[in-house]
Enquirer: 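Please read through the structure below; I'll follow up with questions.
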Amino acid sequence: MKVASVLVPLPVQEAFDYAVPDDMDVTRGDQVDVPLGPRLIRGIVAEVFETTGSNRKLKSIERLSDDPRLPEGTLAFVEWAARWTLNPPGEMASRAIRGLRAPRPRPERRVRRVGMRQPQRITAPRTAVLEALKDRAMTPADLARAAEVSTGVVKGLVDEGVLEAFEVEAVAAFDPPLPDHAPSHLNPDQAASSHAMAEAAKAGGFAPFLLDGITGSGKTETYLEAAAELLKARPDAQILILLPEIALTQALIERITKRFGAAPAEWHSGVTPPRRRQVWEAVAAGRCNIVVGARSALFLPYRNLSLIVVDEEHDGSYKQEEGLVYHGRDLAVARARIENATVVLASATPSLETLWNAQQGRYRWLKLRTRHGVAVLPDISLVDLRQCPPDPQTWLSQPLREEIGANLERGEQSLLFLNRRGYAPVVLCRACGHRLTAPDTDSWLVEHRYTGRLVCHLTGFSMPKPKACPSCGAEDTLVSVGPGVERVEEEVRQLFPEARTAVFSSDTVPDGQAARELIQSMAEGEIDILVATQAAAKGHNFPHLTLVGVVDADLGLRGGDLRAAERTYQLLAQATGRAGRADKPGRALLQTWTPEHPVLEALAANDRDAFVEAEMAERDIAVMPPYGRLAALILSSENAMALEKTARDLAETIPNAERLEVYGPADAPLALVRGRRRKRMLVRADRDVNMQAFLRAWLSRVKVPASVRLTVDIDPYSFL
Ligand code: ADP
């Protein structure tokens, strides 16, 4: 009897076996519908094998789908990724076919001539329509536009039988990119780097690169030229460019379209499901060469993936924390290895993990040393808030105010950076000291003045600001503590009422369209002072920006998690790197209470190497990543008893292992989220320990009840 192991989207580690009907020819990678309880469910065949006389009564595969077979590279990738992250392989595999869940786009209506039949009555508009159409087929709207008539004229000709309407399946056409369309002239550093990447990609074989260059040094320019060189040699090559934020995609798509004379495919959660289906099918059929997308684009069914670029590779947004937990950058490297492809990690402030890999010689290290053109690095200075504190209830120090004022007079732009959404991060009661939290979650409510609501940034819970303190009942005692971007903007408006001021945060810029418009008006000089969260700190090009003020440079340093200093360094370096791109030198002022902190000293000296060296030494001593490995187990439940018991069971069954320690279980810093209590355990191991094998052995010993959710987080970035 023939049996197929089928990966189904369930939270289990195993594939399910199904009998293969005699008349069905299935192979690994095929998409099949299989019965699961009362339902039919879409699965992917992982393996087909023969058995003799199994005593189990296996259910049969119901149907072999005519959706395309998953290419071997994609399937091997999801299997590897599931083993590495300990995510259920079936759920990982179903990620790879998620694009197919959408309906096909509706068929499109076209019109064409019926033979040479002439209209009964000739009018000028009708003649225009027939001339515009010739012997082609067009949509009625396009035809009316081309003939400069109303659609009624077209309809009239259809009604008369001169034209006939018919429907065609909407297939997305992706014009092939033209490598010679608009090449740029690279400087010698850029050209050498681009060539190295292209050569590796053309040759095939796994080749990882770190493309390391300050903001504005032309990293994008360089990898696009590498892509062009690759496409010249291998027109069927597929190239994936990952970005950490959807807000960045539009600018890159426009750049690629200009460079190659054809738009790339776009893949992220903001793309409509029917469109995603078209992209999925085009990628699977090899009809699309360049994909620009978010981390989920790693799961597309490429046929010929030759080059992956992870732009802003240090960015924490590559780590997916909800649902399937994985790190997009790490999986990109894995995918390249499986596909025998080149992977380029690009950044001005690479992660310590990537720098370590480059130092060890595992990644080839390409450096772009200078900013393109005349742009120079901004002059960075620290404002010691102990020396010049802002007035009470204000956040901008005198030196920063003066610089903004001077910039305004010169007609130059300023960016004030504060990585905090909303108006005030905390609301507390003056009478009893109570801090307002959401009813079912342990995080403070953030005041938003634009909407007049208090919002939990973790869960999205929101409520109107109450009049009375929910704890002591006193009225009019709630005060807003600390600044968010909205509050800094309020201060700016009071100080510089004549300035054109705007706020850039995920609240004021809710979608890609709004982000594009704001970025464009900033780029075109229609804004004088932009107050922004990290959303604007990444990768945008503002040629008239000459001053960056960092309102609270200490913010990220207080968190105390493993990467607090690294993240702060990266964020501030990116934020200050915005200034002075074109022909005007830039300045950056960092307001801080701790100017002697090594992160801030390294920033002020523009000395990345000093920062990296100090931070690496600390990680080395503590045997933390990249010198060691971490994994977290997060338990959560609405049932406190079940949670306690599972945590105890886990603690009692830790396998013996050397060079590895387990910490916890302890209440998570966010001990209550959406009504679920949370506990955490942390595993630290030396680099040569097989963390995954340890975890698998451990977890196989514990029965986790259905009321408790257990999440494994390999290489955690959040410790909350
Ligand atoms: P990065 O990705 O390193 O921040 P970009 O590739 O965005 O840098 O380059 C910064 C700016 O300099 C862009 O406007 C880009 O078009 C321009 N630029 C960089 N290199 C070149 C080049 N060789 N020729 C023309 N323009 C370049």
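Both ligands and their constituent atoms are indexed starting at 1 by order of listing. Quick note: numbers below take in every heavy atom, side chains included, and nothing from hydrogens, waters or symmetry partners.
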Enquirer: My understanding is that only one of R295, K219, R329 makes a salt bridge (Lys or Arg N to Asp or Glu O under 4.0 Å) with E313; could you say which?
Expert: R329

Enquirer: Is the side chain of R364 donor-acceptor paired with the backbone N or O of M197 at a distance under 3.5 Å, no angle test?
Expert: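 No; judged by distance alone, with no hydrogens or angles, the pair does not exist.
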
Enquirer: Cation-pi between R619 and W356: NZ/CZ under 6.0 Å from ring centre and within 45° of the ring axis?
Expert: no

Enquirer: Within ligand 1, which atoms have a heavy atom of S217 less than 4.0 Å away?
Expert: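 By the 4.0 Å cutoff, the relevant atoms are 3 (O), 8 (O).
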
Enquirer: Within a distance under 4.0 Å of any heavy atom of Q190, pick out the atoms of ligand 1 and give their elements.
Expert: 19 (C), 20 (N), 22 (C), 23 (N)

Enquirer: Is G216 in polar range of ligand 1, meaning some N or O pair under 3.5 Å apart?
Expert: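 Yes.
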
Enquirer: Will you find, in the side chains of R567 and Q570, an N or O donor that is under 3.5 Å from an N or O acceptor?
Expert: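 Side-chain D/A pair, R567 to Q570: absent.
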
Enquirer: Please work out which of E312, R255, E221 has its closest non-hydrogen atom nearest to atom 7 (O) of ligand 1.
Expert: R255

Enquirer: For I214, counting its heavy atoms only, list the atoms of ligand 1 lying under 4.0 Å from any of them.
Expert: 3 (O)

Enquirer: Any chance the rings of Y326 and F299 have centres within less than 6.0 Å?
Expert: yes

Enquirer: Taking heavy atoms and a distance under 4.0 Å, where does E225 meet ligand 1: side chain, backbone, both or neither?
Expert: neither

Enquirer: Can you name the atoms of ligand 1, numbered from 1 with element, that are less than 4.0 Å from a heavy atom of H185?
Expert: 22 (C), 23 (N), 24 (N)

Enquirer: Please say whether T215 places an N or O atom under 3.5 Å from an N or O atom belonging to ligand 1.
Expert: no

Enquirer: With respect to E221, which candidate in R259, Q190, R255, H185 satisfies the side chain to side chain donor-acceptor pair (under 3.5 Å) definition?
Expert: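 Among R259, Q190, R255, H185, the one meeting side chain to side chain donor-acceptor pair (under 3.5 Å) with E221 is R255.
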
Enquirer: Using a 4.0 Å heavy-atom threshold (strictly under), name the region of T222 that reaches ligand 1: side chain, backbone, both or neither.
Expert: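 Neither; no heavy atom under 4.0 Å.
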
Enquirer: Output the list of atoms in ligand 1 that are nearer than 4.0 Å to some heavy atom of T220, sorted by atom number.
Expert: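 Answer, ordered by atom number: 2 (O), 6 (O), 7 (O).
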
Enquirer: Counting N and O atoms only, with roles assigned by atom type, does the side chain of W280 sit under 3.5 Å from a partner on the main chain of A96, one being a donor and the other an acceptor?
Expert: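 Yes.
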
